[in-house]
Structures are given as structure tokens and as C-alpha cells.
2 protein chains.
Amino acid sequence: MDDPLTKFPGYSLRRAASAAGAELAARLAELDLRQTDASALLLIGANPDITASALGRQLDIQRANMVPLLKRLEAAGLVERHAIDGKSQGLVLTAKGADARAKALAVIEHFEGQLLARVPEEHRDHLLPALNALWLGES
Amino acid sequence: MDDPLTKFPGYSLRRAASAAGAELAARLAELDLRQTDASALLLIGANPDITASALGRQLDIQRANMVPLLKRLEAAGLVERHAIDGKSQGLVLTAKGADARAKALAVIEHFEGQLLARVPEEHRDHLLPALNALWLGES
DNA sequence: TCGGATTGCTATGGGCAACAACAATCGCTA
DNA sequence: TAGCGATTGTTGTTGCCCATAGCAATCCGA
């Protein structure tokens with residue numbers, strides 16, 4: 001079959017992200033976590049007392065869409081909120097949340113290792129900087 | 001803010017694909033096309049009489065999800081189906097569809113050019129082969 | 001102190017994909 | 001050639017992720 005699509009970096013980007021995402025999602029599902037959950041846990045762990053808004057900005061998730069995400073993490077007992085002032089809330093990992101974060105980190109690092117192993121060695125070191133150039137610092 | 005996520009190729013892949021996808025979608029919207037529509041048009045144009053199932057396999061879209069896609073393209077007068085045998089249907093571009101395909105191709109090629117221009121020159125030629133290694137030939 | 005910006009939230013919808021199930025048809029093989 | 005497994009097109013449903021619009025409460029700087 002003649003496929004004119006594989007010549008396009010944008011299309012390959014889409015397909016690669018989709019394939020990698022599905023695989024990572026499956027592994028995180030064993031921890032009862034979604035990808036967005038895991039990324040939020042990592043970021044909260046690295047930045048205790050971060051605000052829901054700031055977290056959303058960093059993850060590029062709208063404020064409105066942070067609500068169900070945090071509600072889920074809080075319901076699972078992984079995250080706690082406490083008022084910083086009258087309108088802002090600081091997010092902190094619970095002990096259970098710190099444990100989930102560690103497990104998620106292990107899963108992700110293992111996954112990332114396998115991902116990188118798939119790309120031929122001569123291209124490997126170029127992948128991350130090339131990808132980051134596509135979205136970092138454009139906002 | 002400390003962001004432990006940008007060290008992960010998988011996360012950068014996700015974000016880069018999301019950013020690029022949103023941008024391409026916005027440009028294709030001016031042609032009243034979605035990304036999947038455009039990719040289907042390109043593939044049908046390159047492979048006349050392709051089957052809906054084969055097209056879905058190539059695009060990694062389930063048979064079931066091809067139905068609304070093709071229904072949309074057919075309703076827009078871009079694609080026609082004709083029976084190959086009792087159960088298979090061949091897909092062909094109409095004149096209007098060929099025109100839409102050409103316009104979409106121009107938009108995509110322009111977009112891909114801008115995309116590649118964003119990555120530093122020393123990484124540029126490595127992007128496509130690295131990405132393709134992540135999803136091609138794994139099935 | 002007052003007005004613009006920020007925060008958290010509700011409600012709603014779109015795009016995309018996954019799964020299960022089904023009837024009709026095809027094609028290989030016994 | 002009769003039959004059976006595989007394939008095709010389809011319906012229906014669900015889930016994830018993101019976007020927008022709007023709202024009340026609060027913060028903060030001029």
C-alpha cells in the first residue's frame with residue numbers, strides 16, 4: 001500500500017504519541033492511575049503546596065478540567081488540599097500519594113527506557129531536544 | 001517551578017503531538033476538514049478503490065470508527081463508494097474530493113515545513129526516523 | 001477603596017478511540 | 001460443493017481528554 005503519510009514528521013508525531021500513550025496508559029492502569037493523574041502526582045511531589053491553577057498551567061490543562069482530576073486524586077486519598085488564603089488551595093501528597101508517586105515514577109522510567117531503546121542509537125540523543133523544541137517556550 | 005516531566009521523551013512526545021495537532025487542526029478547519037479526514041483523503045487519493053477496512057488498518061482506526069468518518073466525507077461529497085463485491089466497498093475521491101485533497105496537502109506540507117523549522121538544525125534530520133522507529137513495524 | 005485579575009467551580013459539548021455484538025458475505029478446504 | 005472460519009460494514013455504548021462560557025468569591029495594586 002502506498003502511504004504518503006509516513007513522510008510527514010507531524011503525522012509520525014501523532015502516531016508515535018498515540019502508540020506510546022496507549023502503552024503507558026495500560027501500564028499505569030495497573031496502579032489505577034491515568035497519565036494525567038501520574039503527571040499531576042509527579043508535579044505535586046516536586047512542588048508541594050502548588051496551586052491547582054499553577055499545576056494546570058504547567059500541565060497545560062484548563063482550570064475547569066483540573067476539577068475532576070483533583071477530585072479523583074483526592075477521592076483516592078492521594079492528594080490533600082488546604083487553604084492558602086481565601087481563594088487559593090495548596091496541594092500536597094498524602095503518604096499514600098507519595099507511595100503512588102514513587103510507583104508511578106518507577107513505571108514511567110522503565111517505560112521511557114524501553115521507548116528510547118526502540119530508536120536507533122544514532123538518532124537517540126536527538127529525540128528529546130527535538131521534541132522539546134516543538135512545544136517548549138512557545139507560549 | 002520544578003518540572004520533572006520535561007526529562008521524559010514520552011511526556012515531551014505527548015505535549016509536542018498535542019501542540020502540533022491543535023495547530024494543524026486549526027488550519028485544516030478552514031477547509032472544513034479534521035485531521036483524520038485529511039489523512040483519509042490523502043490515502044484514498046494515493047490508493048483508489050481502497051477498502052474501508054484496509055484504510056482503517058493503515059490509519060490504525062478501528063472498523064467501527066471508520067463509519068462516521070466515511071459518512072462525513074461522503075455527505076460532504078468528497079468520497080464515493082462503490083461495491084467491489086457483495087461485502088466490500090471501494091473508496092474513490094470525487095472531483096470535489098480531489099480538490100479538497102490538493103488543498104489539504106498544501107496546508108499540511110506548509111505546516112510540516114514550519115514544524116521542522118522549529119527544531120534546531122543539528123537535530124532536524126533525526127526527528128522523522130526517530131519517531132518512525134517508535135511506531136512503525138511494531139504491529 | 002475600587003476595579004481588574006485570579007481562583008475554583010459548574011455545565012456542556014466535541015473529537016477520538018475502544019469494546020461488544022450482529023448480519024451478510026467471502027473464500028478456503030474437506 | 002457444502003460448510004465453516006474469517007472478513008466486512010454497521011450499530012450502540014462507553015471512556016478519556018480537551019475546549020468554551022459563565023459565575024461567585026477573593027486577591028491585589030493603583
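To find a chain, count down the sequence lines: A is the first, B the second, and so on, and within it residues start at 1.
For the OP1/OP2 pair of D:dA19 and a distance below 4.0 Å, the side-chain nitrogens and oxygens of A:Gln62 include at least one atom meeting the criterion. Side-chain nitrogen and oxygen atoms of B:Arg15 include none within less than 4.0 Å of the OP1 or OP2 phosphate oxygen of D:dC17. Distances shown here put a side-chain N or O of A:Ser53 below 4.0 Å from the OP1 or OP2 atom of C:dG8. Residue B:Arg57 places at least one side-chain N or O closer than 4.0 Å to OP1 or OP2 of D:dT8. An OP1 or OP2 oxygen of D:dT8 is reached within less than 4.0 angstrom by no side-chain nitrogen or oxygen of B:Arg63.
Listed nucleotides D:dT10, C:dA17, D:dC18 differ in distance to A:Asn65; the shortest reach to its side chain belongs to D:dC18. Closest to the side chain of B:Thr36, from the set D:dT8, C:dT10, C:dC16, is C:dC16. When distances run from any side-chain atom of A:Ala64 to the nucleotides D:dA21, C:dC26, D:dC17, the shortest one goes to D:dA21. Of the candidates D:dG9, C:dC9, C:dA17, C:dC9 carries the atom nearest the A:Val67 side chain, counting heavy atoms from C-beta on.
Within 4.0 Å of A:Ser18, counting heavy atoms only, lies no atom of the nucleic acid at all.
Comparing A:Ala54 and B:Asp85 by the nucleotide of DNA chain C that holds the closest heavy atom to each, the one mapping nearer the 5' end is A:Ala54. When each of A:Arg34 and A:Asp60 is assigned the nucleotide of DNA chain D bearing its nearest heavy atom, the one mapping closer to the 5' terminus is A:Arg34.
Residue pairs meeting the ring pair (Phe, Tyr, Trp, His ring centres under 6.0 Å) criterion with at least one partner in residues 90-125 of chain A, sequence neighbours excluded, are A:His123-B:His126.
Taking atom CG of residue B:Leu55 and atom C1' of nucleotide D:dT10, one finds them 16 Å apart after rounding to whole Å.
Between the side chain of A:Lys87 and the base of C:dT7 there is no donor-acceptor pair of N/O atoms closer than 3.5 Å.
At distances below 3.5 Å, not a single donor-acceptor pair connects side-chain atoms of B:Gln35 with backbone N or O atoms of B:Leu24.
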**Message:** Run A:Arg72 and A:Thr36 through side chain to side chain contact (heavy atoms under 4.5 Å, CB included) and show every step you take.
**Reply:** CA-CA 11 Å; A:Arg72 190 170 55 241; A:Thr36 48; 3.9 Å; yes

